[in-house]
Number of protein chains: 2
Amino acid sequence: MKLTRECEYAVRCVLYLSHEGKEIVVGRRRIAEEMEIPGPFLGKIAQQLARSNIIEIVQGSKGGFRLVPSPEKLTLLDVIEAVMGKVYLNDCVLRPDSCFRSPTCHVRLVWKAATERLRETLRKTSFAKLLEAESEYLSSD
Amino acid sequence: MKLTRECEYAVRCVLYLSHEGKEIVVGRRRIAEEMEIPGPFLGKIAQQLARSNIIEIVQGSKGGFRLVPSPEKLTLLDVIEAVMGKVYLNDCVLRPDSCFRSPTCHVRLVWKAATERLRETLRKTSFAKLLEAESEYLSSD
DNA sequence: TTATATCGGATAAATAAAATCCGATTTATC
DNA sequence: GATAAATCGGATTTTATTTATCCGATATAA
């Protein structure tokens, strides 16, 4: 029932790119250092983000990653599901037939509702909002 | 971000005991068979449920498990947290110091809110409700 | 006293998460 | 071009967690 570190790292990476700005290419090594992500692991995660069109990977010298959508349109759910696949709390939510109890089971309906609530919370949070909140916090120092 | 099978089994076990009635002792083997839970594993899970006073374990011949609270007062959250410990979606929710970003990080606040929503959903679901919903479903056949 | 059950600690097996390695490829710059 | 700086992407390794199982000890009914 917990986030994987992969998700945590993916969010950090996108947060960093959002902060730098949409069109800026940032080197993998720099993101890894500043966001405390193991370098080669970030490479793997980036590939997944790229497959979902969240970032673009620029190869070669001076290469790195660049944010594709604007932070206003990009949500936590987008990033999480890019690396984890669809979010759900129990197998039976996605594949009812995986459990012999499912024809009558009402626990499944609870998992289903809870899953939808969770996805909704994540869908409502854009990276623009996150950045804004963090910068407000800093400026009120 | 998923339930463990241990939780799933714990819920099935309590569901079965709730259905049998509060004062009835049911053998481990019978619960294991009817609810498709590996026998020895159910033993382990039962120990955790007993530590949280959700069931009472009766030893010796004709032994087994007995539900302690009434199904009206027992919630999904109680059972889940008896086997998993406190529910939370990311380490930083429980231990903010575990992440270097936490002083300014607003993602953590989202995890925190989502965690509370999830716990609330589970807290609102009693086993009495679950049973009732399932028996209504059956009788409307 | 015997048969039936669970206890509870130790251990094993299986799966998933987390991370690394490295030859291939791509691009900027000299 | 040649070279250096990056990432790619597939394979592999390491580590942690999940999912069990085993078994001697203990408890209880008959």
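Quick caveat, the model's predicted, so the values are computed rather than measured. Every chain is numbered from 1 and lettered A, B, ... according to where its sequence line falls, protein lines coming before strand lines.
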**Asked** Do you reckon A/L131 sits in the same ILVMFWY cluster as A/V26, going by side-chain contacts under 4.5 Å, direct or chained?
**Response** yes
**Request:** Tell me which of B/G39 and B/M84 sits closer to the 5' end of DNA chain D, going by the nucleotide each one is nearest to.
**Result:**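 On the 5' side of the pair lies B/M84.
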Between [atom2] of [N] and [atom1] of [X], the distance in whole Å:
{"X": "B/L42", "N": "C/dG8", "atom1": "CG", "atom2": "C1'", "value": "15 Å"}
{"X": "B/Q59", "N": "C/dG8", "atom1": "CD", "atom2": "P", "value": "7 Å"}
{"X": "B/E56", "N": "D/dA27", "atom1": "CD", "atom2": "P", "value": "16 Å"}
{"X": "A/K44", "N": "D/dC8", "atom1": "NZ", "atom2": "C1'", "value": "7 Å"}
{"X": "B/R51", "N": "C/dT6", "atom1": "CZ", "atom2": "P", "value": "17 Å"}
{"X": "B/R30", "N": "C/dT4", "atom1": "CZ", "atom2": "P", "value": "18 Å"}
{"X": "B/I45", "N": "D/dT18", "atom1": "CD1", "atom2": "C1'", "value": "11 Å"}
{"X": "A/F65", "N": "D/dA5", "atom1": "CZ", "atom2": "P", "value": "18 Å"}

**Request:** Tell me which of A/V58 and A/L3 sits closer to the 5' end of DNA chain C, going by the nucleotide each one is nearest to.
**Result:** A/L3
Heavy atoms, side chains only, cut-off 4.5 Å: are [X] and [Y] in contact?
{"X": "A/K73", "Y": "A/S126", "result": "no"}
{"X": "A/T75", "Y": "A/L122", "result": "no"}
{"X": "A/E6", "Y": "A/M84", "result": "no"}

Taking the side chain of [X] as heavy atoms from C-beta outward, which of [options] is closest to it?
{"X": "A/T4", "options": "D/dC8, C/dA18, C/dT27", "value": "C/dA18"}
{"X": "A/P38", "options": "D/dT28, C/dA19, D/dT19", "value": "C/dA19"}
{"X": "A/F41", "options": "C/dT6, D/dA29, C/dT20", "value": "C/dT20"}

**Message:** Heavy atoms only, 4.0 Å cut-off, all strands: where does B/P40 land among base, sugar-phosphate and nothing?
**Reply:** base
**Asked** What is the nucleic acid contact for A/Q47, judged by heavy atoms within less than 4.0 Å: base, sugar-phosphate only, or nothing?
**Response** base
**Item:** Any-strand Watson-Crick or G-U partner of C/dC30, both distances under 3.5 Å
**Value:** D/dG1
**Side-chain N,O (B/Y9) to OP1/OP2 (D/dT19) below 4.0 Å** = no
**Request:** Kindly say if A/R5 contacts the phosphate of C/dA17, meaning a side-chain N or O under 4.0 Å from OP1 or OP2.
**Result:**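 Checking C/dA17 against A/R5, no side-chain N or O comes under 4.0 Å of OP1 or OP2.
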**Prompt:** Is it the case that A/R119 and A/Y88 place a side-chain donor and acceptor less than 3.5 Å from each other?
**Reply:** no
